[in-house]
Amino acid sequence: RPTRRLTSEPTRRPTPRPTPKPSSKMVETIHPVQLIFKNASNGYRLSAADRTSIIRFIKGLMNDNLDASLELIQVGYTGKTDGPSLPLRITVKGPANESDIALSYVMEVLEDHDQDIEIFVKSLDRDEFKDVSISVETDDPTSITTEPEAEVVEMEVTEHPVQLTFQNVPTGYRLSAGNRASIIRYVKDLVDDNIDESFELIEVAYAGSDRNRNLISPMPHHTRRLDALSLPLRVTVKGPANESDFALSYVMDVLEDHEQDIARKLKSLDWDAFKNVGLSTGTYDSNDITESVSEIKEMETTVHPVQLTLENVPAGYRLSVEDRASVLRFVKELIEDNIDDQFQLIKVAYAGSENNPSIDGKTRGDDNPSTNSNPSSLASLHKNNGRSLLTSRRLDSISLPLQITVKGSSDFSDFALSYVMEVLKDNMQDLVRKFKSLDWDTFKNVLISTSSYDPDSISEPSLEMVDMEETEHPVQLIFKNVAAGYRLSAEDRASLIRFVKELLEDNLDESMELIEVAYAGTQSLRSLQHTRRLDTLSLPLQITVKGPANRSDFALSYLMDVLEDNKQDLVKYLKSLDSNAFKDVKISSQSYDLPSITTGPEAEMVVMTESEHPVQLTFNDIVAGYRLSAGDQASIIRFIKELLEDNIDESLELVQVAYAGRDGNRSLLSHNRRLEVLSLPLRITVRGPADESDFALSYVMDVLEDHKK
């Protein structure tokens, strides 16, 4: 740097200059910038998900590296282009007297980090971008728009008609209300996660009427032949008023880019119906949606007595409470999916009393059923796989009385029972298969018939108030055949617990209400073994439900049934979290002894301690003479800190990662001009249980060893 020439004359005191008063006026400036992907295929188009990921990455770069006088306001997408490029609109805020050079600051950040952008883009699509190089361009700087701070961008809420069409669906198939809601939730999550950042998703709602779930044909479902099914949606978004014309295209881009994901979701709901499904997205004319007639019709709720009679059942067999509840849920789903659109199913309930579960339990040669329903005959009851057998009497048929409540137009209330009976008769083979799945030996020769019955013949329970009770149940999920060394992160654990909660809410017996699903372990109680070769993980949960006090003993069995019946869904979800770690996973569920889990206020106090550990990173085969700059050294230390925070054993908390050398001696292994080995000494501080402090260093070393690449 320039120095003052030495003279024998005395040094003159410099004349102080007045410090200019900084301008308080701040302005926002918008800068058009384009990323050009050189060597990419001409026909290639960035997906909405990849585009959003790149924009987030650019936003992070700008936030971390932009000149301190400027504040990043937004990085937005400006629309489609013909070639492989990404046009952006970068808005920054800064002093008015520096607005002319704001673009140069923005371009400097992007050009200095073009290699980082290139690496990130290649990570999104290695095949397409393996030879790509990134260049940054901008339009004429004179076209930059400068906006005063006080100007407010007007936001506007817009609704957009979007229709999903499912091709190759079996003729006559209709979406149930439950599946339709599940698809809409999935679409909402997709759009929420991938829509351009300048927009906010407000709502995704079903746009049809309950009387017309299909847009394809207004004819009754039993007289039409369908091979395509449509789902009209109303998508509401909020964004800048001057970009509202682009909102629909952004939504359509997201759906088109994720058509395969939506198809997989459909197959998970009903494999038989959607195994060959094809998907297309489009818009619709709201006038084509046949809404319910404007004339107000009087609606009426009616209750219908329906009895299922099971023939050829081994003498003495009785349905358990759990199996009966499972059958009721199945009957409810059958009716919901198949009943005429004029009616809405309200409830399917068991119509017998707990002391008289079978109306038609007759001993061969005995015409008096009342003697067989006497509670005193239960003296010889014993359990067999959770089902009760009455060994003192011989039955060859059992009956299941139901009360089915539907709601519909009062003009058609007389036909409601016939519609219900028609659904059950048309799906009799499905009912038979359901009973066989409960107990093959008992129901392998079963014949089922349906009929109505006289409600007066059913011994109703008393109308006294039912006491409700909350109960907590310890349930442990065991994951076997997990990749050695794998550990669930806190985020994945929370995500998995949310999924279990949704499973239980959707499938739990209707007499029970799910209150909470909580993690029941300590930070270290994640795996069943603490070795480098980990092949089994466990997830202890505490599940709280609320239900009738006289059924609280069955609550745990209801929970276990749901988890057992939905094991495959749990497997699929685990694979979605990490397909490599869980590719061969097997799941089992069991109860555990609460005292074995260290949790709750009465648990023994765990003494925590901090410990420092000297760790050295050694870099071999470095260009001779190279030395890490202070900036690079700080960057590496930050990266090491993030690695440890994300992967260290959960019994430990990372406190600090600090440089342990001296600033003038960044290389410990060589002090000459030909440096081929470089070392970075660190001091890593962790906090954890005192009785595990001896293992802390090994946990740290494991993480670094596992992430060398």
Side-chain angles (χ1 to χ4, degrees), residues 27-147 153 194-199 239-240 242-243 245-247 249-250 253-254 257:
V27 296
E28 289 185 7
T29 53
I30 300 175
H31 307 283
V33 175
Q34 189 160 258
L35 300 184
I36 308 297
F37 305 135
K38 297 180 179 178
N39 303 326
S41 305
N42 287 330
Y44 184 80
R45 185 170 72 88
L46 275 174
S47 69
D50 288 347
R51 184 176 67 226
T52 303
S53 295
I54 295 173
I55 290 174
R56 287 198 193 102
F57 184 76
I58 297 295
K59 187 175 180 181
L61 278 180
M62 301 300 296
N63 275 324
D64 292 343
N65 299 281
L66 194 60
D67 188 87
S69 64
L70 300 177
E71 175 190 355
L72 180 68
I73 301 300
Q74 187 186 49
V75 178
Y77 174 57
T78 61
K80 298 180 180 178
T81 58
D82 296 332
S85 63
L86 180 60
L88 302 174
R89 182 186 59 256
I90 300 179
T91 307
V92 296
K93 180 180 176 182
N97 58 1
E98 293 188 17
S99 61
D100 294 340
I101 56 175
L103 177 61
S104 64
Y105 286 136
V106 170
M107 295 297 289
E108 183 180 357
V109 172
L110 296 175
E111 289 168 355
D112 289 348
H113 293 84
D114 57 352
Q115 293 299 312
D116 297 323
I117 300 172
E118 185 176 311
I119 291 170
F120 182 78
V121 169
K122 288 180 178 180
S123 72
L124 298 176
D125 192 335
R126 297 190 184 277
D127 293 333
E128 178 60 37
F129 293 120
K130 63 181 178 181
D131 299 319
V132 79
S133 61
I134 302 290
S135 65
V136 185
E137 297 180 0
T138 183
D139 295 340
D140 185 356
T142 59
S143 66
I144 296 172
T145 304
T146 302
E147 299 180 353
V153 177
N194 296 283
I195 197 170
D196 187 88
E197 289 195 347
S198 58
F199 289 91
N242 58 357
E243 294 188 20
D245 294 339
F246 299 106
S249 65
Y250 288 141
D253 280 351
V254 172
D257 291 341

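What's counted below: heavy atoms across the whole structure, side chains too, no hydrogens, waters or symmetry copies.
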[atom1]/[X] to [atom2]/[Y] distance, rounded to the nearest 0.5 angstrom?
X      : Y      : atom1 : atom2 : result
Arg51  : Arg56  : CZ    : CZ    : 11.5 Å
Ser135 : Lys38  : OG    : NZ    : 4.0 Å
Gln115 : Ser133 : CD    : OG    : 9.0 Å
Lys93  : Gln74  : NZ    : CD    : 14.0 Å
Phe246 : Ser198 : CZ    : OG    : 10.0 Å
Ile73  : Met62  : CD1   : CE    : 11.5 Å

Locate the shortest heavy-atom distance separating [X] from [Y]; write the atom from each residue and the value.
X     : Y     : result
Ser85 : Pro87 : O-CD, 3.8 Å
Ser69 : Pro95 : O-CD, 3.4 Å
Gly94 : Leu70 : CA-CD2, 3.8 Å
Val27 : Ser99 : CG2-CB, 4.1 Å

Answer yes or no: are there more than 12 heavy-atom neighbours, outside Lys122 itself, under 6.0 Å from its atom NZ?
yes
So, applying side chain to side chain contact (heavy atoms under 4.5 Å, CB included) with Leu110, which one of Ile117, Ile134, Asn65, Asp116 is it?
Ile117
With His113, which of Ile119, Ile58, Leu61 fulfils side chain to side chain contact (heavy atoms under 4.5 Å, CB included)?
Leu61
The test is side-chain contact (heavy atoms from CB on, under 4.5 Å); show your working for Leu103 and Thr29 and say whether it passes.
CA-CA 9 Å; Leu103 177 61; Thr29 53; over 6 Å; no
With a 4.5 Å limit on heavy-atom distance, are the side chains of [X] and [Y] in contact?
X      : Y      : result
Ile54  : Leu86  : yes
Leu124 : Phe120 : yes
Val136 : Leu35  : yes
Ile55  : Asp196 : yes
Asp253 : Asn194 : no

Donor-acceptor contact present, side-chain Thr138 to main-chain Val33, <3.5 Å
no
